[in-house]
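Note that the structure is predicted; figures quoted are calculated from it, not measured. Residue numbers run from 1 in the order of the sequence given.
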Amino acid sequence: MAFNPPDSVTQLSTFKDCLARRILAQPGVDGQADTQTEADALDEFTSYLAQEVWSYLPHALREATYESRESTPDVDDLSLDAIPTSFSDTLVSCGIAEDDEAATTFLRKTLQDYVAEACAPPPVWSKTRTKECEICERTVPLTYHHLIPREVHDKARKKKWHPESMLNSVAWLCRPCHTAVHHVASNEDLAREYYTVERLLAREDIQKWRKYAAKQRWGVRRG
């Protein structure tokens, strides 16, 4: 199983978030979005704008990642002539842009934000430490679980299961949850199929374990 490009939905969500931040930064826009109604309205509005634009962007831009950063188009040189006029019309009618030119500038700046975020280097995994176990969510002493076990790194490289930058990704788990993870799948299966916390939590057996573990008091001797 070779490394697959990023989920387009994930990249679209990143672009949508960049739109939201640009909109909230506009003069006269309440940057707090402090009610659920306002937050829902912003979500709906940015979803509409993002969908209007997304399919008209170059494929290489829509799949921009840290690994593909060298081949990602330069936003400053990007032609935006194909973008539907509905995008500019919406920004102008909502008072976010004064005219079509300002709307294009707004979009270009948003795309620059998107590329910067999509192509950002991965985190230093040791600095991602949480206070709670990422499975049972208890505040207890934690260990770090290599989401792509070190024992299969060479094979993962050879088979191109993941980009090099992801090989040292970790999840912060309590010892019982860490042990449980290694009981449900082999190192190779963990590397190929369960290389994120979200994928682990999609397993029924891990969900059952999570519910059990969440109720256990840490440090209490039993028996």
Side-chain angles (χ1 to χ4, degrees), residues 1-123 160-167 169 192-193 195-199 202:
M1 181 178 69
F3 168 61
N4 293 318
D7 185 346
S8 181
V9 173
T10 300
Q11 303 306 80
L12 174 58
S13 178
T14 299
F15 175 61
K16 174 176 167 287
D17 289 347
C18 292
L19 276 170
R21 286 193 289 269
R22 281 281 167 185
I23 290 170
L24 289 173
Q26 293 299 300
V29 176
D30 182 1
Q32 299 300 315
D34 54 0
T35 70
Q36 189 60 48
T37 300
E38 290 171 339
D40 290 344
L42 179 62
D43 180 65
E44 183 177 348
F45 184 57
T46 53
S47 293
Y48 165 74
L49 289 175
Q51 292 287 354
E52 284 293 287
V53 171
W54 191 246
S55 62
Y56 293 90
L57 298 174
H59 181 76
L61 190 62
R62 286 183 278 130
E63 293 196 344
T65 64
Y66 176 71
E67 286 74 25
S68 68
R69 63 193 183 283
E70 297 298 332
S71 59
T72 299
D74 188 332
V75 173
D76 287 336
D77 299 331
L78 194 65
S79 173
L80 299 177
D81 293 342
I83 301 300
T85 57
S86 56
F87 179 83
S88 295
D89 292 344
T90 301
L91 292 187
V92 172
S93 65
C94 291
I96 296 171
E98 292 184 358
D99 51 31
D100 290 348
E101 183 178 353
T104 299
T105 299
F106 177 93
L107 175 57
R108 199 176 296 278
K109 289 181 178 179
T110 301
L111 289 172
Q112 289 170 341
D113 295 343
Y114 160 74
V115 169
E117 187 165 338
C119 295
K160 297 182 179 180
W161 291 342
H162 305 286
E164 182 74 26
S165 60
M166 294 300 296
L167 289 183
S169 57
R192 295 184 63 180
E193 303 294 338
Y195 49 85
T196 68
V197 173
E198 290 75 20
R199 282 174 170 258

- Determine whether Y48 and T90 make a side-chain contact, defined as any pair of heavy atoms from C-beta on separated by less than 4.5 Å. yes
- Note on the structure: Heavy atoms of Q112 and D76 approach each other most closely as NE2-OD1, 2.6 Å
- Query: Heavy-atom distance under 4.5 Å between the side chains of L91 and L107, does that happen here?
  - Reply: no
- Query: Does the side chain of I83 come within less than 4.5 Å of T104's, by heavy atoms?
  - Reply: no
- Task: In sequence, state the C-alpha distance, the side-chain angles, and the governing distance for R21 and D113, and then conclude on salt bridge (Lys or Arg N to Asp or Glu O under 4.0 Å).
- Result: CA-CA 10 Å; R21 286 193 289 269; D113 295 343; over 6 Å; no
- Taking the side chain as every heavy atom from C-beta outward, state whether S169 and Y195 have any pair of such atoms under 4.5 Å apart. no
- Item | Shortest non-hydrogen contact between A60 and S71, atoms and distance | CB-O, 4.1 Å
- Item | Name of the residue among V53, L49, T46, V115 meeting side chain to side chain contact (heavy atoms under 4.5 Å, CB included) with F15 | V53
- If every non-hydrogen atom of F87 is compared with every non-hydrogen atom of A103, which pair is closest and at what distance? CE2-O, 4.1 Å
- Query: Angle class for the Y114/W54 ring planes (parallel below 30°, perpendicular above 60°, tilted otherwise)?
  - Reply: perpendicular
- Message: In the structure I gave you, are the side-chain heavy atoms of C119 and T65 within less than 4.5 Å of one another anywhere?
- Response: no
- Counting only N and O atoms by type, is there a donor-acceptor contact under 3.5 Å from the side chain of R62 to the main-chain atoms of L12? no
- Query: Can you check whether C18's main-chain N or O pairs, donor with acceptor, with E117's side chain at less than 3.5 Å?
  - Reply: no
- Look only at the side chain of R22 and the backbone of F106, and say whether a donor-acceptor pair between them is shorter than 3.5 Å. no
- Message: Please check this pair: side chain of T72 against backbone of S68, looking for a donor-acceptor N/O pair closer than 3.5 Å.
- Response: yes
- Query: Looking only at atom types and distance, does a side-chain atom of R69 sit under 3.5 Å from a main-chain N or O of Y66, one as donor and one as acceptor?
  - Reply: yes
- With side chains defined as the heavy atoms from C-beta onward, is the minimum distance between E63 and Q11 less than 4.5 Å? no
- Query: Within the distance-only criterion (no hydrogens, no angle test), does the side chain of R108 pair as donor or acceptor with the backbone N or O of V75 below 3.5 angstrom?
  - Reply: yes
